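When reading the values below, keep in mind they use all heavy atoms of this one structure, side chains included, and skip hydrogens, waters and symmetry mates. The structure presented is a predicted model; accordingly, all values stated were derived computationally and were not measured. A note on names: the letters A, B, ... follow the listed sequences, proteins ahead of strands, and every chain is numbered from 1.
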Protein chains: 2
Amino acid sequence: MALDQQVIVSAAREILQQEGFDKLSLRKIADALGVQTPALYWHVRDRAQLYGLLAEQFLREVIAQTGLETTGRDWLISFGTALRDSHRINRDSARLVAFVQPSQTVEQEVANVILDHLEAGGMSRDLARIACSSMQAFTLGWSLFESNASVRPMMIGNLDSDAAFLLALTQLAEGLASVDLSFQQTNGTKPPPPDLFVG
Amino acid sequence: MALDQQVIVSAAREILQQEGFDKLSLRKIADALGVQTPALYWHVRDRAQLYGLLAEQFLREVIAQTGLETTGRDWLISFGTALRDSHRINRDSARLVAFVQPSQTVEQEVANVILDHLEAGGMSRDLARIACSSMQAFTLGWSLFESNASVRPMMIGNLDSDAAFLLALTQLAEGLASVDLSFQQTNGTKPPPPDLFVG
DNA sequence: CAATCACCTTAAGGGTATTAAGGAGAGGAC
DNA sequence: GTCCTCTCCTTAATACCCTTAAGGTGATTG
């Protein structure tokens, strides 16, 4: 099998899934591919870029799996749910995302896709940015907490973790969507917050 | 200066603030204290415990700085704001929290303090758990995103980051508080979510 | 006074990412 | 066919890192 950036990313993903983030290393990836460690550097700048590519792949899959709901509220919930499912299925992916600096161009592309979805659902682009950031932030943080064995029992207790997540996610999505409406209708129940722009 | 767990934590904190999480290491801490690296192991089990103590100190300070608002909504907002301020002031503290497994006893204690606050503000203990988890998760995730140079411009754009955070935080807090009301009044606008408990 | 214990040292083992330099092979130019 | 070049990988080396083992020193205590 010819060495390739995609092949390396796949091998890394396999090891991450199998052994977790702590055990992931360039050496182990190279071993799995039957190659010496420095060979990876021909296809990948460094570890940070490799992990960034991995995170990017996860995010792309989430977007592909997110439904085509029409309203902003529903899309946000679908997006958040898909994001959390990804973090649950892909071991330590939350820790990975917390660790890496994804490539800027990719993030730009992904962001545009998301923002287009939300605009199509009737959100202003500025609020869509906030909403999208919020959903990703909330889901990432929740996944990190959830995968933390010592925090989980205190915070979740004997509650159903899925239901608790969905409850909070829904509240956040509805809250953000309601701000959007107040922007558009100008007679919403909540006034828009002041000074949302810099400068 | 006699070596001590607290002294070590303080030195670690200083290096974290000065050089960031990537540059933090036991060796550097030991150097700063004028001591050999293995000396640290007399006072600290391993790196994970040391970082956990650091995260614990941050969290304690946040709780101490959180106001004594009476309503659950206000307390949550105050808590979330203090948490984010801490992450902004203390460099890479979000990445640290994402990395460590804090000690269970400490988390228990802190959780109890928080939950007592929320119960005093009129929340059910179960919803307080969810609310508290949600605020910490959201703030942690937001801080991680915000400190990520390549994600920030896409997600926040030219918006005021402070205002955007506060907007989303407020929506989340109000949403969670409203669920609480519907629990207590049993005539709220939103029905309680089904199957919140496990089993 | 001797023994113990706390605390730190040096020494060593094994892990990591990364760079430098060199070799083997494919492909094209002439 | 020969030579050159470029791609892709190897070996070698550097410089970190965490952690454990074993040994020494000085204060404390019986």
Side-chain angles (χ1 to χ4, degrees), chain A residues 1-56 91-92 95-103 148-150, chain B residues 1-56 91-92 95-103 148-150:
Chain A
M1 175 166 47
L3 212 49
D4 179 358
Q5 199 174 67
Q6 180 52 43
V7 169
I8 295 174
V9 170
S10 296
R13 182 169 182 166
E14 179 71 17
I15 294 173
L16 181 67
Q17 184 67 31
Q18 225 66 35
E19 312 193 27
F21 186 67
D22 292 330
K23 302 289 184 183
L24 184 59
S25 70
L26 296 186
R27 179 195 182 117
K28 207 162 254 174
I29 296 168
D31 283 354
L33 292 170
V35 88
Q36 295 306 116
T37 311
L40 304 179
Y41 283 81
W42 185 260
H43 306 275
V44 158
R45 179 160 33 84
D46 55 8
R47 188 176 67 145
Q49 194 207 359
L50 172 58
Y51 290 3
L53 291 170
L54 206 49
E56 167 196 338
R91 179 175 174 185
D92 278 350
R95 293 183 64 196
L96 183 92
V97 171
F99 188 79
V100 300
Q101 299 262 112
S103 96
N148 190 322
S150 45
Chain B
M1 174 166 47
L3 212 51
D4 179 358
Q5 200 174 67
Q6 180 52 44
V7 168
I8 295 175
V9 170
S10 296
R13 182 170 182 166
E14 179 70 18
I15 293 173
L16 182 67
Q17 184 68 30
Q18 225 66 36
E19 312 194 27
F21 186 67
D22 292 328
K23 303 290 185 183
L24 184 60
S25 71
L26 296 186
R27 179 195 181 119
K28 208 162 252 175
I29 296 168
D31 283 354
L33 293 170
V35 88
Q36 295 305 116
T37 311
L40 304 179
Y41 283 81
W42 185 262
H43 306 276
V44 159
R45 178 161 33 82
D46 56 8
R47 187 177 66 146
Q49 193 207 359
L50 172 57
Y51 290 3
L53 291 171
L54 206 47
E56 168 197 336
R91 179 176 174 184
D92 278 351
R95 293 183 64 194
L96 183 93
V97 171
F99 187 79
V100 299
Q101 300 262 114
S103 97
N148 190 322
S150 45

Colleague: Where do N or O atoms of nucleotides 13-16 of chain D meet protein N or O atoms at under 3.5 Å, pair by pair?
Modeller:
none

Colleague: Starting from P on dC17(D), measure out to CD1 on Ile15(B) and report it in whole angstrom.
Modeller: 10 Å
Colleague: Closest to the Gln36(A) side chain: dT18(C), dC8(D), dT10(D)?
Modeller: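 So the side chain of Gln36(A) is nearest to dT10(D).
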Colleague: Using a cut-off of less than 4.0 Å, is there contact between a side-chain N or O of His43(A) and OP1 or OP2 of dC9(D)?
Modeller: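 Checking dC9(D) against His43(A), a side-chain N or O does come within under 4.0 Å of OP1 or OP2.
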Colleague: Just the rounded figure in Å: distance from P of dT19(D) to CZ of Arg47(B).
Modeller: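 Spelled out: CZ on Arg47(B) to P on dT19(D) is 6 Å.
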Colleague: Less than 3.5 Å apart, which donor and acceptor atoms pair up between the side chains of residues 37-51 of chain B and the rest of the protein, not counting sequence neighbours?
Modeller:
unit_1: Asp46(B); atom_1: OD1; unit_2: Ala48(B); atom_2: N; d: 3.4
unit_1: Asp46(B); atom_1: OD1; unit_2: Gln49(B); atom_2: N; d: 3.0
unit_1: Gln49(B); atom_1: OE1; unit_2: Arg45(B); atom_2: N; d: 2.6

Colleague: Tell me every residue that passes side-chain hydrogen bond (donor to acceptor under 3.5 Å, both in side chains) with Asn148(B), counting only those two or more places apart in sequence or in another chain.
Modeller: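 Listed in chain order: Ser150(B).
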Colleague: Nearest-nucleotide wise, let me know which of Asp46(A) and Asp4(B) is further upstream toward the 5' end of DNA chain C.
Modeller: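 In this pair, the answer is Asp4(B).
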Colleague: The side chain of Trp42(A) lies closest to which of these nucleotides: dT7(D), dT18(C), dT19(D)?
Modeller: dT7(D)
Colleague: Without decimals, in angstroms, what is the distance between Lys28(A) NZ and dG14(C) C1'?
Modeller: 13 Å
Colleague: Counting side-chain heavy atoms from C-beta on, which of dC8(C), dC9(D), dT19(D) comes nearest to Val35(B)?
Modeller: dC8(C)
Colleague: To the nearest Å, how far apart are Tyr41(A) OH and dA20(C) C1'?
Modeller: 13 Å
Colleague: Say you draw a straight line from CG of Leu24(A) to CZ of Phe99(A); how long is it, rounded to the nearest 0.5 Å?
Modeller: 10.0 Å
Colleague: Using atom types as modelled, flag every donor-acceptor pair under 3.5 Å from a side chain in residues 7-21 of chain B to any protein atom, sequence neighbours excluded.
Modeller:
unit_1: Ser10(B); atom_1: OG; unit_2: Gln6(B); atom_2: O; d: 3.0
unit_1: Ser10(B); atom_1: OG; unit_2: Gln6(B); atom_2: NE2; d: 3.1
unit_1: Arg13(B); atom_1: NH1; unit_2: Gln57(B); atom_2: OE1; d: 2.8
unit_1: Arg13(B); atom_1: NH1; unit_2: Glu61(B); atom_2: OE2; d: 2.7
unit_1: Arg13(B); atom_1: NH2; unit_2: Glu61(B); atom_2: OE1; d: 3.0
unit_1: Arg13(B); atom_1: NH2; unit_2: Glu61(B); atom_2: OE2; d: 3.4
unit_1: Arg13(B); atom_1: NH2; unit_2: Asn90(B); atom_2: OD1; d: 3.3
unit_1: Gln17(B); atom_1: OE1; unit_2: Arg91(B); atom_2: N; d: 3.2
unit_1: Gln17(B); atom_1: NE2; unit_2: Ile89(B); atom_2: O; d: 3.2
unit_1: Glu19(B); atom_1: OE1; unit_2: Lys28(B); atom_2: NZ; d: 3.0

Colleague: How close or far is atom C1' of dG14(C) from atom CG of Asp31(A), stated in whole angstroms?
Modeller: 15 Å
Colleague: Rounding to a whole Å, what distance do you find between Phe99(A):CZ and dT16(C):P?
Modeller: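 Distance check: Phe99(A) CZ to dT16(C) P gives 14 Å.
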Colleague: Quickly work out the Gln49(B) CD to dC18(D) P distance and round it to whole Å.
Modeller: 15 Å
Colleague: Nearest whole Å is fine: how far is dT9(C) P from Leu26(B) CG?
Modeller: 14 Å
